[in-house]
Amino acid sequence: MDGDTSGVEGDNWNTDDELEIDNFSLSSNSSLTLPNGEALACSGEASSSAGSSNSKLIDHFIGMGFSEKMVAKAIQENGKENTDSILETLLTYSALESSPHGQQHIDSDHCSLECEGSFLDDFSDIDSFSDEEITNPVSDEEGKLSSLVKMGYTMDEASIAIERCGLDSSLVELTDFITAAQMAKVADVHFPLEDKPIPNHSFKKRKHFDYEMWKRKKQRGLEKRLLHDDDEEIIRLPNPMIGFGVPNDLCQTIHRTLPEAAIGPPFFYYENVALAPKGVWTTISRFLYDVEPEFVDSKYFCAAARKRGYVHNLPIEDRFPLVPLPPSTISEAFPLTKKWWPSWDPRTKLNCLQTCVGSAKLTERIRKAIEDYDGEPPQHVQKYVLDECRKWNLVWVGRNKVAPLEPDEVEKLLGFPTNHTRGGGISRTDRFKSLGNSFQVDTVAYHLSVLKAMFPNGINLLSLFSGIGGAEVALHRLGIPLKNVVSVEISEVNRNIVRSWWEQTNQRGNLIDLPDVQQLNGDRLEELMGSFGGFDLVVGGSPCNNLAGSNRLHRDGLEGKESSLFYDFFRILDLVKCIMNKTQ
DNA sequence: AGTAGTATGACGATCAAG
DNA sequence: CTTGATCGTCATACTACT
């Protein structure tokens with residue numbers, strides 16, 4: 001999808017229940033932060049974990065060297081009965097925590113235990129709370145966002161609060177807003193309480209706690225470097241990157257057992273770049289019900305590499321590939337290049353298709369560099385040319401002539417129909433951008449193929465961050481009828497592409513497109529699902545802007561401006577799950 | 001001259017694999 | 001250790017129009 005997701009317009013919120021929050025006074029926090037209010041707000045499980053009956057259990061684990069916050073979260077997740085799984089969770093957390101990127105995500109989870117005590121602490125010094133104390137924010141907004149996340153709120157909640165309250169509002173105002181929103185949500189029967197424990201509002205204490213935590217983690221990180229890191233829970237990429245199997249793979253007898261919480265309905269399928277900063281996939285996996293990601297390189301499906309991670313709860317037996325099988329090498333995909341391909345260019349597969357392509361000037365420079373020599377150019381020229389060709393995915397189109405791929409060639413490689421992104425007022429630049437952000441259809445279709453036997457009459461699909469409709473095209477090419485498709489995509493050109501494809505392929509189903517995942521709330525989902533009886537599949541690849549290696553400027557990880565929309569994928573999936581369970 | 005859309009090049013770090 | 005890959009962003013110059 002496109003990068004700009006910040007266009008939240010207040011007008012569109014009129015139907016949202018959150019709007020009612022405006023009626024709350026932002027400055028008066030007393031009534032909202034009373035322990036009574038918390039007890040009312042928390043689910044049974046969450047509030048009981050804060051009770052005194054657990055103190056022995058907590059002390060037990062604290063005695064083992066785990067932090068109070070961790071123990072509370074682990075108990076909350078596993079229940080107080082199952083001490084074994086609590087211990088296992090704690091061990092996992094402590095491993096995660098020692099990773100440089102993983103540590104901040106522990107903080108981003110909620111914990112109701114910190115509610116204990118000091119409710120009556122005054123907040124008078126809260127405004128002196130300096131963001132820079134903990135993080136090094138680039139802007140005021142990011143600083144506030146980051147602070148809120150560290151205080152235990154979701155990225156989603158934090159950004160909405162800033163949108164609604166304004167950038168110059170204090171942290172107290174922002175946290176009050178979120179609390180009020182959560183209060184309002186509690187009234188909504190469909191709000192998944194167990195996954196959104198109400199954060200406490202003992203600001204002073206939490207601030208202090210977090211700061212101490214941060215110092216401790218920093219310290220531990222230093223210690224860690226001196227020790228072995230063999231117990232790191234960092235997810236490793238498989239080599240070869242074939243996930244749970246690719247077509248023509250001989251050993252396809254892999255079985256897996258999904259965690260209980262991950263089992264559908266609905267089925268879900270999440271995608272993002274495999275080479276994300278350390279700890280990102282651990283966090284993604286943890287949020288998506290602890291499902292182990294499947295890392296696959298699309299070079300096993302087509303002539304271009306595309307290293308991606310997929311988290312899904314689909315069966316992995318009896319998969320089958322799309323037919324016809326796409327060309328597997330560059331020369332098969334583009335036969336005309338064979339004639340001009342020099343023997344000293346060993347490439348048979350293209351690298352990852354990106355959002356930008358090489359310039360005409362660059363190909364000109366390359367031509368001139370080779371032209372000076374009669375036969376084979378010297379080593380250093382070969383090296384230069386090959387480096388540029390690999391970096392920009394250039395192919396040989398004439399004597400001494402290289403060129404970037406054309407948009408229709410990229411469409412072909414990615415498994416889309418030719419001219420899928422063409423016309424309708426879409427520029428060449430935008431085509432490359434949309435295609436570069438898309439799925440490789442054959443790869444995704446292989447994973448989704450198991451649905452065909454299960455849903456002979458078709459499926460209802462929720463497609464988040466749809467882009468140019470990679471999931472829709474994959475399902476269609478598999479011959480799985482699309483009954484109702486709700487497609488959420490911020491970019492208007494992309495929505496037009498999907499709409500136009502939908503009409504051209506004579507779909508019998510119903511396509512509903514929405515612009516913004518952030519505005520898709522429980523009410524709207526319930527309304528949509530009520531009309532056709534729930535979703536069979538939720539698909540989405542959230543923005544990779546802040547995860548991708550090509551991003552020199554803002555590779556900020558999952559908390560980055562765009563990539564944090566992952567949490568909206570989780571939020572919405574969890575809402576769908578909740579509603580589905582309720583109506584069954 | 002103003003404007004909107006387009007093309008170009010400068011901008012390294014991170015992480016895995018050999 | 002070195003090599004290689006990587007769903008990118010930004011300011012600026014350029015182009016094709018009014």
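Proteins come first, then strands; the chains are lettered A, B, ... in the order of their sequence lines, and each starts at number 1. Computed from a predicted model, the values in this text were never measured in an experiment. Below, all heavy atoms of this structure are taken into account, side chains as well, without hydrogens, waters or symmetry copies.
The distance between atom CG of A/L237 and atom C1' of B/dT14, rounded to the nearest whole Å, is 12 Å. A/R236 places its CZ atom 11 Å from the P atom of B/dC15, with the value rounded to the nearest Å. Separating the CG atom of A/N393 from the P atom of C/dA5 is a distance of 10 Å, rounded to the nearest angstrom. C/dG4 atom C1' lies 9 Å from atom CG of A/N351, rounded to whole Å. Rounding to whole angstrom units, CG of residue A/L386 and P of C/dT3 are separated by 14 Å. C/dT3 atom P lies 16 Å from atom CD of A/Q382, rounded to whole Å. For A/R347 and C/dT3, the CZ to P distance is 19 Å, given to the nearest whole Å. Nucleotide C/dC7 holds its P atom 22 Å from the CZ atom of A/R431, rounded to whole Å.
Put simply, A/N239 has no side-chain N or O that comes within less than 4.0 Å of OP1 or OP2 on B/dA16. Close to C/dT9, at under 4.0 Å from its OP1 or OP2, lies a side-chain N or O of A/N545.
Residue contacts shown for A/K383 are limited to sugar-phosphate atoms, with no base heavy atom under 4.0 Å away. Using a 4.0 Å heavy-atom cutoff across all strands shown, A/C352 reaches sugar-phosphate atoms only and no base atom.
Residues satisfying the side chain to side chain contact (heavy atoms under 4.5 Å, CB included) test with A/V395, not counting sequence neighbours, are A/I330, A/T337, A/W341, A/L350, A/V397, A/L405. Partners of A/E406 according to the salt bridge (charged side-chain N to carboxylate O under 4.0 Å, His left out) rule, which considers only residues two or more places apart in sequence or in another chain, are A/R428. For A/E271, the side chain to side chain contact (heavy atoms under 4.5 Å, CB included) criterion is met by A/R308, A/Y310, A/F439, not counting sequence neighbours.
Of the residues in residues 268-276 of chain A, those with a non-hydrogen atom less than 4.0 angstrom from any atom of DNA chain C are A/E271, A/V273.
With respect to the salt-bridge test (charged N to carboxylate O, under 4.0 angstrom), the residues A/K383 and A/D387 qualify. Between A/D430 and A/K433 no salt bridge is recorded (no basic side-chain N to carboxylate O distance below 4.0 Å). One finds no salt bridge joining A/E371 and A/K368 here, because no Lys/Arg side-chain nitrogen approaches an Asp/Glu carboxylate oxygen to under 4.0 Å.
In summary, the aromatic rings of A/W281 and A/F295 are positioned with their centroids under 6.0 Å apart. Aromatic rings from A/F569 and A/F465 are positioned such that their centres are separated by 6.0 Å or more.
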What N/O pairs connect the protein and nucleotides 15-18 of chain C at under 3.5 Å? Give each pair on its own line.
none

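A side-chain donor from one of A/Y289 and A/D574 sits under 3.5 Å from a side-chain acceptor of the other.
Only the C1' atoms considered, B/dG12 is 16 Å distant from C/dT3, to the nearest whole Å.
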- Note on the structure: B/S/- along nucleotides 5-12 of chain B (protein heavy atoms under 4.0 Å) is -SSSS-BB

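Listed candidates were C/dC10, B/dC15, C/dT6. Nearest to the side chain of A/H554 is C/dC10. Comparing B/dA16, C/dA5, C/dT6 by their closest approach to the side chain of A/R390 singles out C/dA5.
Across the strands present, B/dG2 finds its partner in C/dC17; the criterion is a Watson-Crick or G-U wobble pair with both atom distances under 3.5 angstrom. Pair assignment for C/dC7 gives none, since no Watson-Crick or G-U wobble pairing has each distance under 3.5 Å.
Between the CD atom in A/E489 and the CD1 atom in A/I468 there is a gap of 9.5 Å [rounded to 0.5 Å].
For A/K577 and A/F268, the positive end is not near the middle of the six-membered ring at less than 6.0 Å and at most 45° from its axis.
Side-chain contact between A/H476 and A/Q507 is present, with heavy atoms from C-beta onward closer than 4.5 Å.
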